Number of protein chains: 2
Amino acid sequence: MKETRSSSIREIAAGLGVSAATVSNALRGKGRVSPAMVRQIRARAHELGYVPDHAARALRTGKSNTIGLLVPNIGQPLFPAFAQAVERAARQRGLAVLIGDSRGDARQQDFEITNMIARGVDALVVIPTRGTTIAPQSVPVPVAVIDSAATAGNVAASDHREGGRMIARHLIDLGHERVLLLAGPENSLVARERVGGMCELFRSAGIEPVLKHSDATFEAGTAFGRALDLHRFTACAAAYDALAVGFAVAARERGCAIPEDMSLTGFDDLMWAQIVSPSLTTIRQDLQAVADHALSFVAGETDASRIFPIDLVVRESTASPPAFPRKGGRHAE
Amino acid sequence: MKETRSSSIREIAAGLGVSAATVSNALRGKGRVSPAMVRQIRARAHELGYVPDHAARALRTGKSNTIGLLVPNIGQPLFPAFAQAVERAARQRGLAVLIGDSRGDARQQDFEITNMIARGVDALVVIPTRGTTIAPQSVPVPVAVIDSAATAGNVAASDHREGGRMIARHLIDLGHERVLLLAGPENSLVARERVGGMCELFRSAGIEPVLKHSDATFEAGTAFGRALDLHRFTACAAAYDALAVGFAVAARERGCAIPEDMSLTGFDDLMWAQIVSPSLTTIRQDLQAVADHALSFVAGETDASRIFPIDLVVRESTASPPAFPRKGGRHAE
DNA sequence: ACGGATTGGTTAATCGTTTAATCACTCTCC
DNA sequence: GGAGAGTGATTAAACGATTAACCAATCCGT
């Protein structure tokens, strides 16, 4: 009982006694067709519920009006949010989004890219999986790589380094001097930027943070929270929210109060950040802006690569260190 | 400097002095081609980096090897997890996934559906947005609707009703008699099933829960936690994890300890559930199983609709009520 | 050695749309 | 009234892969 599949352009043409070309022209407002005819054709097309065959158009024009979006792992909380932003930006331009998940695997990433190319996407938006890099010249369509500002060929990114600086400045202003830095994966360019920004400012303030590398997971955060000697630090700055939240849980288990005994910061402003208790001071990216720019890049509207400002979101997890003359206090600006 | 775009089938044919048809046959192992020729053709195709033009193939065969996935809101945490499961199931079948987000809007949902049809998807997997329903006969491709078991035309679903029963049984076994039920949106079929399952069992145990409807959001949970008289209840069962977590935060603010003063349960086992403190007793769906069945349905491998079992995950947020002779205790089975 | 099957291929049509090239008119202007 | 300029359409050739129909050999059994 499946409905009769949508009528072709020739059906409309036949019904009106004109040629297929005229219908095509009328529908798209090109060529030379009398206004009266255009109206008739449009009306009939609408009446028949005509929708152009995408494959045929793609074959003829070489454009599929589809872009590919490749994320490292859509299971991780930040990427769906980004996918949503890309999807919105794409729809505004009449583009559909083919989604791919590289599952943190470089080979899978390559496979997905060629697969999407084969499927005729007009462009790609890629968030490279850790430790990998995309060579745009090896891909026959425009590619917007979204990674760190320092990555060669990067097209759009948040200013992770400045975000790192903001976190460090915030902690320094609060009076912290002994800080633990959960630095995330060593081979992540984004993490490197974040950590780089923090270290830069800490050092310029005469502070040498203690760096710990790990995966960017909740569990890794928990492990550090359990293993480390927490009394050595008055603040812990994590390169990812997940690390921070994991650390918080373990710290609380050990009777370390946040922010009273130790301040804690994250990075990304995942949904968790507002929910956990105490709510997390963190950095928020403007994902929609990044996505919009990526789309306008692959659409050829600009050829500039851009770095987007980032926001410090101060919540409850940061305060001045225990024995510190209050300067700002708990809900510091 | 974009690479020369991939060669066509005729290019291979010309280079080997055979016809295009033979190349097509050789590449796909159909028709009659000598083994030697097949090898030659395959070799040359590989050497030229040939990839079949997807649009052309789709036009000719009417199959795009692409499915559309439509979710209500990819920003909400459960759907990305599901999208990942669908994507995996699709890849196993060599299908790509076109993703759409109906943003909780029925009109947008319809628009996305026709849009995807127009793009030639072979099938659709749809999680209907609340209060809407999909009429498969109005869609010219196979559709797997994933909703509640009770929905007409539903193809794959978790057994939300049984999940509700499991929660209720768990709370009853612990000895709770005064229970608050955060029932989620009234027009959500899934929520209705969950709540229905709980009520069914509570009532059969002589318990009449207090129902409160709202959005399935963290904020709504918080609002209830602030507004209600918590002393009236020994347990709160929420139809969604987000509601439960929101409620927990507000309850704690008011000095209500979970699970000592009140037990709390969620639904969905979002990542949060293990992270919040106390960790949340909740229900977990087997998303991969649901996704796999949806795919095998639209692939025509089965025409049965299936309901999948669901798991109770007992964590720290449930215990026997305050003045109750211990039966199970805090970490009850 | 001859009719029929089998093998290895070719031809040509087709999917639905776009687009350059062309055509048949009707105006207009001197 | 005839040359050009518009106007409103038509024709036909793509786009690249698939596939039914056809054809030319070769093989086999009797």
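In this text, all values refer to a predicted model and were calculated from it rather than measured experimentally. Throughout, a chain's letter reflects where its sequence line sits, starting with A, and its residues are numbered from 1.
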- request: Not counting sequence neighbours, list each pair that qualifies as a salt bridge (Lys or Arg N to Asp or Glu O under 4.0 Å) and has a residue in residues 75-93 of chain B.
  value: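 Pairs touching residues 75-93 of chain B that pass the test: A/Arg103-B/Glu87, A/Glu112-B/Arg91, B/Glu87-B/Arg91, B/Arg93-B/Glu301.
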- prompt: Among C/dT18, D/dT19, D/dA17, which nucleotide sits nearest the side chain of A/Arg28?
  reply: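 Ranking C/dT18, D/dT19, D/dA17 by closest atom to the A/Arg28 side chain puts C/dT18 first.
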List, one per line, each side-chain donor-acceptor pair under 3.5 Å for residues 23-42 of chain B, sequence neighbours excluded.
{"residue": "B/Asn25", "atom": "ND2", "partner": "B/Ala21", "partner atom": "O", "Å": "3.4"}
{"residue": "B/Ser34", "atom": "OG", "partner": "B/Met37", "partner atom": "N", "Å": "3.2"}
{"residue": "B/Arg42", "atom": "NH2", "partner": "B/Ala26", "partner atom": "O", "Å": "3.0"}

Report the distance from atom [atom1] of [X] to atom [atom2] of [N], rounded to the nearest whole Å.
X       : N      : atom1 : atom2 : result
A/Arg10 : C/dT17 : CZ    : C1'   : 8 Å
A/Ile9  : C/dT19 : CD1   : P     : 11 Å
B/Lys63 : D/dA17 : NZ    : C1'   : 16 Å
A/Arg57 : C/dT18 : CZ    : C1'   : 9 Å
A/Tyr50 : C/dG16 : OH    : P     : 10 Å
A/Asn65 : C/dT18 : CG    : P     : 11 Å
A/Leu59 : D/dT18 : CG    : P     : 12 Å
B/Asp53 : C/dC15 : CG    : C1'   : 13 Å

Flag, side chain of [X] to backbone of [Y], donor-acceptor distance under 3.5 Å:
X        : Y        : result
B/Ser64  : B/Gly120 : yes
A/His160 : A/Ala191 : no
B/Ser188 : B/Pro185 : no
B/Gln288 : B/Ala85  : yes
A/Asp105 : A/Arg107 : yes

Side chain to side chain contact (heavy atoms under 4.5 Å, CB included) between B/Val155 and B/Arg306, worked out: CA-CA 6 Å; B/Val155 157; B/Arg306 276 187 62 185; over 6 Å; no
- prompt: Hey, what bend do you get for the helix from C/dA1-D/dT30 to C/dC30-D/dG1 if you fit axes on five pairs at each end, rounded to 10°?
  reply: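 Axis-to-axis angle, ends of the helix: 50°.
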statement: Residue pairs passing the side chain to side chain donor-acceptor pair (under 3.5 Å) test with at least one member in residues 68-82 of chain A, sequence neighbours excluded, are A/Asn73-B/Gln84
Name the pairs: protein N/O against N/O of nucleotides 10-13 of chain D, kept only if under 3.5 Å.
{"residue": "D/dT10", "atom": "OP1", "partner": "A/Ser19", "partner atom": "N", "Å": "3.1"}
{"residue": "D/dT10", "atom": "OP2", "partner": "A/Ser19", "partner atom": "N", "Å": "2.8"}
{"residue": "D/dT10", "atom": "OP2", "partner": "A/Ser19", "partner atom": "OG", "Å": "2.7"}
{"residue": "D/dT10", "atom": "OP2", "partner": "A/Thr22", "partner atom": "OG1", "Å": "2.4"}

message: Measuring only between side-chain heavy atoms, which start at C-beta, is B/His293 closer than 4.5 Å to B/Phe308?
response: yes
field: A/Val125 and A/Leu295, any side-chain heavy atoms less than 4.5 Å apart
entry: yes
message: Check the phosphate of C/dT18 against A/Ser24, side-chain N and O only, distance under 4.0 Å to OP1 or OP2. Yes or no?
response: yes
- prompt: Using a heavy-atom distance cut-off of less than 4.0 Å, which residues of residues 34-47 of chain A contact DNA chain D?
  reply: A/Ser34, A/Met37
